[in-house]
Amino acid sequence: MSEVSVTKDAGGPGPATDKLVVLDNVNKHFGALHVLQDIELTVARGEVVVVIGPSGSGKSTLCRTINRLETVDSGRVTIDDKPLPEEGKELAKLRADVGMVFQSFNLFAHKTVLENVTLGQVKVRKTDKQAAETKARALLDRVGVGNQADKYPAQLSGGQQQRVAIARALAMDPKVMLFDEPTSALDPEMINEVLEVMQQLARDGMTMVVVTHEMGFARSAANRVVFMADGRIVEEATPDQFFSNPRSDRAKDFLSKILHH
Amino acid sequence: MDVLLDNLELFREGFVGTLSLTATSALLALVLGLIIAGFRVSPVPPLRLFGTVWVTLLRNTPLTLLFLVAFFVVPQILFPGINSFLLAVVALGMYTSAYIAEALRSGINTVPMGQAEAARSIGMTFTQILRMIVLPQATRAALPPLSSFLIALTKNSAIAGAFNNVDLFNIQKTLSNEGYNILVIFLWITLGYLAITFTISGLFRLLERRMEVAR
């Protein structure tokens, strides 16, 4: 488990009360598998929610329903009080406000790093090309890969690619950022460089939903930990409460398996 | 040698005939193939159905039958007096478009799902994703079959010659009627076809090198 020390903004203003992401009684099946069962989750503006749980518990699926990369069978997903529409122009517009970072980076392989970060700005936000480039370079500097702007994704290390992917999502000025196991495909020595960028984002007040196995990150950056197992949210608590005193047996069992060393 | 020098004008006419028929129907086939490939991967079910029907129908019909329909049925009931070059272009272009659509679709399938998902999640629309993200990467994988289908199209254009469209194959009939040695005629005609097909494969080799995507 990698540890990134960070001081969470504990004394500052707590997360605003308005609800940015709401999942209301969401259900989803993959064939016979009931992968999301009666999910109720509210993420407030500025809040960092970390979703943890064993593999196959539905946490990635949960994350992907928030920008409708996965459709739901029943229930409602709303973002900033707008229910997610059907596939089409309206949904595309809403998705632009929801940044997503994938486990496998998914940078556009035929475009340079800089183009990866300007594309959405120019084609979706209709930003002027020059302005988009200035912003892209600033973001790439911020995540520490400014000197790689003219390379292609395949020429970068995994950690660098993932930081570019974060910059690409940030370029859209998203209201909320979704991270779907952002460090699971990385070599151990590259995990921290990605986590540090995420820590910084959390400190800057970005609303984040993070699916991860990095307990150190959950402890230090999360306002709330959501523990999932078998398609259900089993437990929700502050990181301190959850890690020192989990209520459910399922969580106790999970923590005993990963925290004993 | 005599047959070529004596009939240089006729050979030139035949070569230009084959070249222009190939080029025009290749253009039509590529445009139609691109649209149909888009339909086949579209999220809209009626478009997908249309794409499937198009490919199934055209790919499973013998080309000669298509030409028969184009040359004898279409002018009779739809467009009387339509020019034979145009009919040949439509028949060849539509037939080849089915193959090109499938070649492109196989290319599209080689592009990892994550590429389209990443594009969706920054708010790009389906057409934007297809045009800017998926097709540029799919084309590279589709180039080898595309070049095969365009070469096949070049040779298939000879069928139009049998339907009295002036091309390399067509002038062979004229010349053998004039009593020249058929073997020598075929030699020169073959060289004419080879000139076109070698140009196509050369062009695609160049494209393949230029469109390399590193992963």
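A quick note: this is a predicted structure, and the numbers were derived from the prediction, not measured. Reckoned from all heavy atoms, side chains included, excluding hydrogens, waters and symmetry mates.
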message: Any carboxylate oxygen within less than 4.0 angstrom of a Lys/Arg side-chain nitrogen, looking at A:Glu196 and A:Arg163?
response: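 No salt bridge links A:Glu196 with A:Arg163.
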- prompt: Going by an N to O cut-off under 4.0 Å, is there a salt bridge joining B:Glu208 and B:Arg205?
  reply: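 No.
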query: Can you say whether A:Arg64 sits under 4.5 Å from chain B via the side chain, the backbone, both, or neither, judging by heavy atoms?
result: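 Side chain only.
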- prompt: With only heavy atoms counted, which part of A:Phe102 is less than 4.5 Å from chain B, the side chain, the backbone, both or neither?
  reply: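 Only the side chain of A:Phe102 comes within 4.5 Å of chain B.
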task: Just jot down the ring-ring contact (aromatic ring centres under 6.0 Å, His included) partners of B:Tyr95, sequence neighbours excluded, or say none.
output: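 Counting only residues at least two positions away or on another chain, B:Tyr95 forms a ring-ring contact (aromatic ring centres under 6.0 Å, His included) with B:Tyr99.
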Is it the backbone or the side chain of [X] that comes under 4.5 Å from a heavy atom of chain A, or both, or neither?
X        : value
B:Ala116 : neither
B:Glu117 : both
B:Met132 : both

query: A:Lys93 side chain to B:Gly123 main-chain N or O, any donor-acceptor pair under 3.5 Å?
result: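 Judged by distance alone, no pair lies under 3.5 Å.
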query: Is a side-chain donor or acceptor of A:Arg125 paired with a backbone partner of A:Ala132 at a separation under 3.5 angstrom?
result: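 Not at all, since once roles are kept as given, no pair shorter than 3.5 Å links the two residues.
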query: chain B: which of A:Pro153, A:Gly99, A:Ala96, A:Ala165 shares the most heavy-atom pairs with it under 4.5 Å?
result: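 Most heavy-atom pairs under 4.5 Å with chain B: A:Ala96.
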